[in-house]
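Computation of the quantities below employed the complete heavy-atom set of this structure, encompassing side-chain atoms and omitting hydrogens, waters and symmetry-equivalent molecules. Counting starts at 1 for both ligands and their atoms, following the listed order.
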Amino acid sequence: MARTLWLVGMMGAGKSAVGKRLAQRLGRAFIDTDALVEDVAGKSVAAIFADEGEPSFRALERAAIERVAGRPAIVALGGGAIAQPGAVARLAASGTIVYLRARPETLLARIGDARGRPLLAGLDTAGRLARMRELLRARAAQYARSARVVDVDEGDIDAVADRVLQVLGDAAEQQGRAMRAVQVPLGDRSYAIRIGVDILDQAGAAIAESSGARRAVVVTVPEVGRRYGARLERSLRGAGIQSRRVVVADGERSKSLRVVARLYEEMLDFDADRGTAVVALGGGVVGDLAGFLAATFLRGVPFVQVPTTMLAMADASVGGKVAVDLPRGKNLVGAFHQPRLVWMDVATLRSLPRRQRANGLVEVIKHGVIRDGALFARFERDIERVLDLETDPTLDVLERSCQIKAEVVAQDEREADLRMILNFGHTLAHAIETLLGFRKLLHGEAVAIGMVFAARRSEALGLAPTGVADRIESLLQRAGLPTEPPDLPRRAYLDALRVDKKRRDEQVRFIAVRELGKAEIVSLTPAEILPRGGPGTRRR
Ligand SMILES: NC(=O)c1ccc[n+]([C@@H]2O[C@H](COP(=O)([O-])OP(=O)(O)OC[C@H]3O[C@@H](n4cnc5c(N)ncnc54)[C@H](O)[C@@H]3O)[C@@H](O)[C@H]2O)c1
Ligand SMILES: [Zn+2]
């Protein structure tokens, strides 16, 4: 057991007795949050309730939890702690929650006269039983949902402690199974991608090991920093890394030389040297920006990606492409700078809006279309479960996506044919983005439209069997993604295609799908890509 063991349950469930016994047997500290609160307040829990009311007790309790979270201790929590907003996530993030479950009769028998138990004060025996049932009704379901359950009605303290240890062993095993690893093989610049659920608190040790850094600058955006910054920083501190958070404004506009210049100043203010790591905590914008900073500051410092969007996990954080934009175009100034580690905590995606999740999956679905028919079929089976972030399907598709990207990167680190097929769906997507000015659609949404279009063209040119485009379209629609090109004049599309940067003479390199799982580069003129009846004229 590496992290905190949180014991929850009603008064009388034996949290203290069992907790102390576990502490002895594991050689760990036992902490009772009520006792911590009483220490701080200088009076008993009952007195705090009576004098100041429950809200002020809860505030003290929250502070006590913050103080011990992540310590390798056995911590008994007050009966109502877990019912507080945000508590479950906080507790689960720093350890394992075990619910000591007992029947109301067992609880009352153990409590005795209930002195010092404010929630039962002033009641007779029947009243206490009724109150206990009511409290259980309010809390038991939540306990059982958020924790691993150990029944305590039968057996002595040692028997209960045995059961808790059994449950902890299972939990550790599950955790181990849940964590996925993908290696990006690039000789002495090889690195690991780790994918798991609620693993942010373990990032520090992995960052320390992979980067060798003792100091780090964490680059993030306000929303992400507020939600996840403190946990990452606590984890870094726990691993002996001193860190500083640098927050940039949200959005693509932060991928600019002006912001990079400010970040250089922040690095200097922090006395950063060549051993100072840059950690990107956020989506693809933060990854590209922080990566560019890491690639160029002092000719390169260690870089770590902690992606928090589906897009960054599935795509942007792997491969070492880093860049900022110029006023005249995206990603015009950049470098290849591989990270030392990519740490993906899928739990951070829970706060990501569904539209962003779907947007980020598009390039993974694209991997399925161009390289991996089985992955495509997996999406056809499970797209809704992935959007809901169910553990197994989500880890599976992210792992597969990272493997594919790692293979591509390893075989061909710099842009060439293999990387080229990753541009499937992008010819039209870029045209749409140019025409709509990047505002109305997210990139993945434009690519979704472009993929369906490219598949339809592949069918029409006799390169793909009929039906491929329909399957791609219906999958994307299930994810809530757009698949119809905006109704703009064909002339406008043609002009946009001609300025596409992949233009070769008049020919445009167009990625065609041959079957689900296989793609090919063909050279076509813009007019062949966009025959009459294509986007710009109504088709149905
Ligand atoms: N380097 C590459 O290989 C590569 C590949 C693809 C895309 N990109 C780049 O990635 C960028 C787009 O990345 P993106 O789609 O992640 O955009 P983003 O970084 O702007 O994130 C999208 C939005 O989600 C918010 N957000 C991030 N994490 C969140 C979380 N866990 N909970 C709630 N909100 C969260 C962000 O604040 C932002 O508003 C573009 O700049 C693109 O050029 C790079
Ligand atoms: Zn793309």
Counting distance only, does the side-chain N/O of D325 pair as donor-acceptor with the main-chain N or O of N331 below 3.5 Å?
yes

E363 atom OE2 and H426 atom NE2 as seen from the Zn ion (ligand 2), angle to 10 degrees:
110°

Verify whether one side chain among [X] and [Y] offers a donor that lies under 3.5 Å from an acceptor in the other.
X    : Y    : result
T483 : E473 : yes
T276 : D273 : yes
Q338 : R189 : no

Got an N/O contact under 3.5 Å between [X] and ligand 1?
X    : result
K255 : yes
N359 : no
E252 : yes
D250 : yes
D288 : yes
Y228 : no

Flag the pair R262 and E265 as a salt bridge only when some basic side-chain nitrogen lies within less than 4.0 angstrom of an acidic carboxylate oxygen.
no

Here's one to test your reading of the geometry: is the NZ or CZ of R457 within 45 degrees of the ring axis of F510 and under 6.0 Å from its centre?
no

Residue that, paired with D372, satisfies side-chain hydrogen bond (donor to acceptor under 3.5 Å, both in side chains) out of Q403, H367, R378, R400
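So, applying the side-chain hydrogen bond (donor to acceptor under 3.5 Å, both in side chains) to D372 and each of Q403, H367, R378, R400, only R400 qualifies.
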
Taking only heavy atoms of N331 into account, list the atoms of ligand 1 that are under 4.0 Å away from them.
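Ligand 1 atoms under the 4.0 Å threshold to N331: 43 (O).
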
Closest to atom 4 (C) of ligand 1 (heavy atoms only, candidates A316, G444, A323) is A316

Counting only heavy atoms, tell me which of L311, L422, T308, V285 gets closest to atom 7 (C) of ligand 1.
L311

